[in-house]
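Step one of this worksheet: look at the structure below.
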Amino acid sequence: MRRALHFGAGNIGRGFIGWLLADAGFQVTFADVVPGLVDEIAAKRSYRVIELGEGKRVVEVQGVDACLLGSERCVKLAATSDWITTAVGVRHLEGVAEVLVEGFRRRMRAGREGDVMVIACENAVRATSQLRRHVERLADGALREFLDARVRFLDAAVDRIAPNREGHAEDALDAVVESYYEWVVEGSPVPGAPHGISWVSDLDPYLERKLYLVNGAHAAIAYLAHLRGIATIGEALAQQDIEQHAAGFQEEAARGLAHRHPAFDVADLTSYAAKVRTRFANPHVVDHVTRVARDPLRKLAPRERLMGPLVAAAEAGCETTAIERAIASALCYLDENDEASLELQRRIATEGVEQVARAVCGLDGAPLRGVMAAYRELQAPIH
Ligand SMILES: NC(=O)c1ccc[n+]([C@@H]2O[C@H](COP(=O)([O-])OP(=O)(O)OC[C@H]3O[C@@H](n4cnc5c(N)ncnc54)[C@H](O)[C@@H]3O)[C@@H](O)[C@H]2O)c1
Ligand SMILES: O=P(O)(O)OC[C@@H](O)[C@@H](O)[C@H](O)[C@H](O)CO
């Protein structure tokens, strides 16, 4: 039986990638850092996916297993699995790379047949390439040759809303997801791959469309909603001006995308964007603003979901007012439970917001002035 090792047994790991791999006939093992979660999966060997669409569909995923990150079993599986996937959060890929290096070294020494597929399913720009760079940094010459010959690092874009489980799940292992999904992978089709994958020769248009029109708009809604004390994305979208803000963000981003990628035109992107807002407003999914807004320092980085659209729209000579407002609202974000937001506000308090916008986002010139004007406007009612 073909084996898959998936790092990260969280919402997307269980509710999307692990499920599709199991459905394609892989023997799936999850690697995670939370011992209780690992024990629970290893004991039950199955879990449920609760899919929230027009109705509620419950799917039982069977025959799965779990191990702790870095355990002997985990390294052994890294050496013997046919597919290796991740959904851990991009900042944790370095830790995954340490395990992969040891596993690939063993695989090389054992002269094991067959290629290995590696796909990092993170919301980030070319996360698999980032993982590859972490692995290569730790590899010697012989292992690098092995990586080039036998390991296929495939960049991907993944799209499926997997909200926090509260209010939806009944069992500790239940994974909750919307019914929609898209998994786009760059490369030529791999025999026996999960059916849900779309294979493309150039990922950039699809990755940017997803990151800008889904995650960018999501962030725009969440940061403005948080300033208003609104708890869920559904409640936020019920406010007409927040819905308009999201649509405005998407419109500006879509113009940038259409200008950059000849594969797209504004009309198609506009209808894609409208469908995304419908997904966000799915009345069956309760998605918390704090989940969508999590880790603002990551989201404010250059090329990410807020700065990427700003640059694309500016390149196209289009208006960027809504995107600038979204960036400004992200700079205001503070959630006591979110370490990155605390760090952001500490930096703003010591360095000043303009310096932070330059250093964190890479802002300068007219866009910086636009974001600062929006920031002052958002702060005005507070002070
Ligand atoms: N939730 C969504 O709607 C969604 C959709 C698409 C993509 N993503 C992306 O998927 C990734 C995971 O998101 P999530 O919502 O599933 O988060 P999550 O917190 O539910 O799951 C992450 C899991 O990874 C585990 N983990 C952390 N570091 C690890 C490591 N080094 N090795 C193994 N496991 C580790 C955590 O214990 C947790 O179980 C993120 O990059 C996110 O951007 C999320
Ligand atoms: O997971 P993050 O923190 O990168 O982004 C939060 C949400 O925008 C994201 O999880 C979406 O729900 C998901 O990307 C939809 O496919």
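For ligands, and for the atoms within them, numbers begin at 1 and follow the listed sequence. Numbering of residues begins at 1 and proceeds along the displayed sequence.
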query: Nearest heavy atom to atom 14 (P) of ligand 1: which of R294, R91, E122 does it belong to?
result: R294
message: Check contact between D295 and ligand 2, using heavy atoms of the residue and a distance below 4.0 angstrom.
response: no
- request: Distance to 0.1 Å, residue and atom name: give those for the protein heavy atom nearest to atom 15 (C) of ligand 2.
  value: D159 OD1, 3.3 Å
- request: May I ask whether E182 has any heavy atom positioned less than 4.0 angstrom from an atom of ligand 2?
  value: no
task: Measure up the Y181 and F16 rings against each other and bin them: parallel (under 30°), tilted (30 to 60°), perpendicular (over 60°).
output: tilted
- prompt: Which residue holds the protein heavy atom closest to atom 4 (O) of ligand 2, what is that atom called, and what is the gap in Å?
  reply: R298 NH1, 2.8 Å
- prompt: Would a 4.0 Å cut-off, counted as strictly less than, catch a protein heavy atom around atom 19 (O) of ligand 1?
  reply: no
task: Determine whether more than 12 heavy atoms belonging to other residues, nucleotides or ligands lie under 6.0 Å from atom OH of Y206.
output: no
task: Indicate yes or no for a side-chain donor-acceptor contact from D338 to the backbone of D295 under 3.5 Å, with no hydrogens or angles considered.
output: yes
- request: From the options I12, V88, D295, V34, select the one whose nearest heavy atom is closest to atom 4 (C) of ligand 1.
  value: I12
field: Option set G89, A87, A162, A127, criterion heavy-atom distance to atom 22 (C) of ligand 1, minimum
entry: A87
- request: Report the part of E304 in contact with ligand 2, treating N, CA, C, O as backbone and CB onward as side chain, heavy atoms under 4.0 Å; options are side chain, backbone, both, neither.
  value: neither
message: Against ligand 2, does E122 come closer than 4.0 Å with any heavy atom?
response: no
- prompt: Non-hydrogen atoms of A124 versus ligand 1: any pair closer than 4.0 Å?
  reply: no
field: Contact check: N11 vs ligand 1, nitrogen or oxygen atoms, below 3.5 angstrom
entry: yes
- request: Could you tell me whether the side chains of E60 and S46 share a donor-acceptor contact shorter than 3.5 Å?
  value: yes
query: Cationic tip of R107 within the cone over F146's six-membered ring, i.e. under 6.0 Å and within 45° of the normal?
result: no
